[in-house]
Amino acid sequence: MREATMNGMDDQREVETAAFPVGRAAFALGFAGLLPQAAAALLAGLGYPVGGMVAVAYGALILSFLGGMWWGLAMYLRRGQAVLVTLAVVPSLVAGALVALALIHLPGGLVALGSAILLTLPVDRRLVARGAAPANWMSLRVPLSTGLGVLTIIAGVLAV
């Protein structure tokens, strides 16, 4: 986000501070977003093969979504934008590869997918450190990525 000077010209300073904190609606919807994966893990635990398949689809979808969020946050950066948008495409590529792995070996694909979701947290932490994400970003991302990653791994352990 760039600030304007009094004469209307763009300020040359780099402003890398997210304008608004993560709001209550985002927290509520984020936590509600764990329910599909919890249901998928439960189905996998009950022996339904569809549970593992749903867990793969949902985990890959959310992993790709995380990359999209990074891409959006990168648009607020003046320096380092190219690095972050490049990094932002990695989750979608990884998700695609892990869906393919899950087609070959469902439990292994799910465990790898859950691990990949957990590995997004260092990037989120760096975004906060740079001021590219809201200051309370990690209070949302840690429980959501941990919850989704662990639920995906559980689905993998339980998948048949």
Side-chain angles (χ1 to χ4, degrees), residues 1-3 10-42 44 52 54-102 107-159:
M1 186 172 256
R2 294 187 297 183
E3 298 174 347
D10 286 337
D11 193 336
Q12 296 301 309
R13 290 178 292 153
E14 178 181 1
V15 177
E16 293 188 5
T17 302
F20 304 102
V22 176
R24 284 187 227 165
F27 277 92
L29 292 169
F31 283 101
L34 294 175
L35 295 175
Q37 203 69 334
L42 177 62
V54 168
V56 167
Y58 191 70
L61 174 75
I62 299 301
L63 183 58
S64 293
F65 176 78
L66 292 173
M69 288 192 315
W70 296 344
W71 182 284
L73 291 171
M75 297 302 111
Y76 288 96
L77 301 178
R78 292 183 96 167
R79 289 189 299 239
Q81 187 182 83
V83 172
L84 187 52
V85 295
T86 301
L87 186 59
V89 300
V90 172
S92 295
L93 298 173
V94 169
L98 295 177
V99 166
L101 173 61
L110 280 165
V111 169
L113 182 57
S115 300
I117 292 166
L118 292 169
L119 289 172
T120 63
L121 289 170
V123 175
D124 286 322
R125 192 169 297 115
R126 180 71 180 128
L127 288 169
V128 172
R130 262 198 93 173
N136 66 337
W137 184 252
M138 293 310 289
S139 62
L140 175 70
R141 295 304 324 134
V142 169
L144 293 184
S145 290
T146 302
L148 186 65
V150 169
L151 285 167
T152 304
I153 291 168
I154 289 170
V157 170
L158 300 174

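As the structure is a computational prediction, the values presented were derived from the model and not from experiment. Residue numbers run from 1 in the order of the sequence given.
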Flag the pair [X] / [Y] as yes when at least one side-chain heavy-atom distance between them is below 4.5 Å, and no otherwise.
X: L98; Y: L101; value: yes
X: Y58; Y: L151; value: no
X: I153; Y: V150; value: no
X: R130; Y: L84; value: no
X: L119; Y: V94; value: no
X: R141; Y: L66; value: yes
X: L63; Y: T120; value: yes

Please tabulate, one pair per line, all N/O donor-acceptor pairs under 3.5 Å involving side-chain atoms of residues 28-37, not counting sequence neighbours.
from, atom 1, to, atom 2, distance (Å)
Q37, NE2, A55, O, 3.1
Q37, NE2, T152, OG1, 2.7

Subject >> Value rounded to 0.5 Å, distance of CZ in R126 from CG in D124 >> reply: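 The distance works out to 13.0 Å.
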**OP:** Look up atom CG in N136 and atom CZ in F20, then write down how far apart they are to the nearest 0.5 Å.
**Re:** 13.0 Å
Original post:
Can you name the residues that form a side chain to side chain contact (heavy atoms under 4.5 Å, CB included) with T86, not counting sequence neighbours?
Top reply: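 Here no residue qualifies.
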**OP:** For V85, enumerate each residue passing the side chain to side chain contact (heavy atoms under 4.5 Å, CB included) test, keeping only those at least two apart in sequence or located in another chain.
**Re:** W71, A74, M75, Q81
Tell me the closest heavy-atom pair linking [X] and [Y], and the distance in Å.
X: V128; Y: P134; answer: CG2-O, 3.7 Å
X: L127; Y: W70; answer: CD1-CD1, 3.4 Å
X: G67; Y: P91; answer: CA-CG, 3.7 Å
X: W137; Y: V22; answer: CE3-CG2, 3.8 Å
X: P107; Y: A159; answer: CG-O, 4.0 Å
X: A133; Y: L73; answer: CB-CD1, 4.0 Å

